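Note sheet for the following structure.
Lettering of chains follows the sequences in order, A, B, ..., and the numbering in each one begins at 1. If you're wondering where the values come from, they're calculated on a predicted model, not measured in any experiment.
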Amino acid sequence: KNQVEQSPQSLIILEGKNCTLQCNYTVSPFSNLRWYKQDTGRGPVSLTIMTFSENTKSNGRYTATLDADTKQSSLHITASQLSDSASYICVVSGGGADGLTFGKGTHLIIQP
Amino acid sequence: DAGVIQSPRHEVTEMGQEVTLRCKPISGHDYLFWYRQTMMRGLELLIYFNNNVPIDDSGMPEDRFSAKMPNASFSTLKIQPSEPRDSAVYFCASSLGGARVSYEQYFGPGTRLTVT
């Protein structure tokens with residue numbers, strides 16, 4: 001069964017600090033991995049999409065890494081801002097379909 | 001572009017009633033996806049369409065759920081009869097192509113459904 005596991009479930013850090021969120025997956029065959037940001041009461045918004053051949057991708061202060069051999073990904077947030085407070089969801093495409101398998105997300109709170 | 005539009009934004013109904021959720025995808029997008037989000041299960045794919053044709057409905061929980069896409073600019077998700085366990089946020093998303101080839105999916109604001 002296709003699965004995506006994220007850790008930690010929740011995280012609180014001070015504004016200006018860095019943090020790293022983790023994602024492990026068992027989706028096969030693998031097509032691509034995405035990180036989404038979801039603000040409270042809003043739909044998810046894409047941060048990065050990575051294919052098998054990409055191991056690092058950045059979007060401003062967000063940097064995602066992918067290790068397709070170990071089936072792990074991470075999302076690093078640099079110099080956090082209050083607006084980074086949100087849920088971050090790891091999503092994997094694969095399994096022979098055009099749908100996506102979602103992790104349950106990491107709830108990140110940035111404190112001033 | 002207005003993005004993906006969903007209506008209503010909030011729906012409260014009694015158990016046993018029929019509920020219809022609506023979605024207007026981004027113009028020109030060939031794929032449309034319906035998702036459900038709950039605290040316990042997170043986001044789950046219910047069904048998706050390509051060029052108005054349902055491709056995979058294996059995520060639809062049971063026969064009480066049905067989805068249609070009569071044309072490229074409109075889709076509905078219907079629950080009949082509704083049950084309290086259907087309470088969730090339902091998202092519609094659209095994209096230019098399939099997820100397997102890394103096309104971006106754009107999500108609507110969601111419909112929060114409460115069944116009492």
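Note on A:V91: it clusters hydrophobically with B:Y35, by side-chain heavy-atom contacts below 4.5 Å among ILVMFWY residues.
The NZ atom of A:K104 sits 10.0 Å away from the CE atom of B:M39 when rounded to the nearest 0.5 Å. The CG atom of A:L100 sits 13.5 Å away from the CD atom of B:E44 when rounded to the nearest 0.5 Å.
Counting non-hydrogen atoms of neighbouring residues, nucleotides and ligands closer than 6.0 angstrom, the OH atom of B:Y103 reaches no more than 12 such neighbours. Within 6.0 Å of atom CZ in B:R64, more than 12 heavy atoms from other residues, nucleotides or ligands are found, so the atom counts as buried in its surroundings. Other residues, nucleotides and ligands place no more than 12 heavy atoms under 6.0 Å from the CZ atom of A:R42. Environment of CD in B:E62: crowded, with over 12 heavy atoms of neighbouring residues, nucleotides or ligands closer than 6.0 Å. Other residues, nucleotides and ligands contribute at most 12 non-hydrogen atoms within 6.0 Å of the CG atom of B:D63.
The two residues A:P44 and B:F91 come nearest to each other via the heavy atoms CD-CE2, 4.3 Å. Here the closest non-hydrogen pair linking B:L43 and A:I89 is CD1-CD1, 4.1 Å. For B:E104 against A:S46, the heavy-atom pair with the smallest separation is OE2-CB, 2.6 Å.
Proximity to chain A is absent for every atom of B:Y106, based on heavy atoms less than 4.5 angstrom apart. When heavy atoms are compared at a cutoff of 4.5 Å, B:Q37 approaches chain A solely by way of its side chain, counted from C-beta outward. Looking at B:R9, only its side chain comes within 4.5 Å of chain A, counting heavy atoms on both sides.
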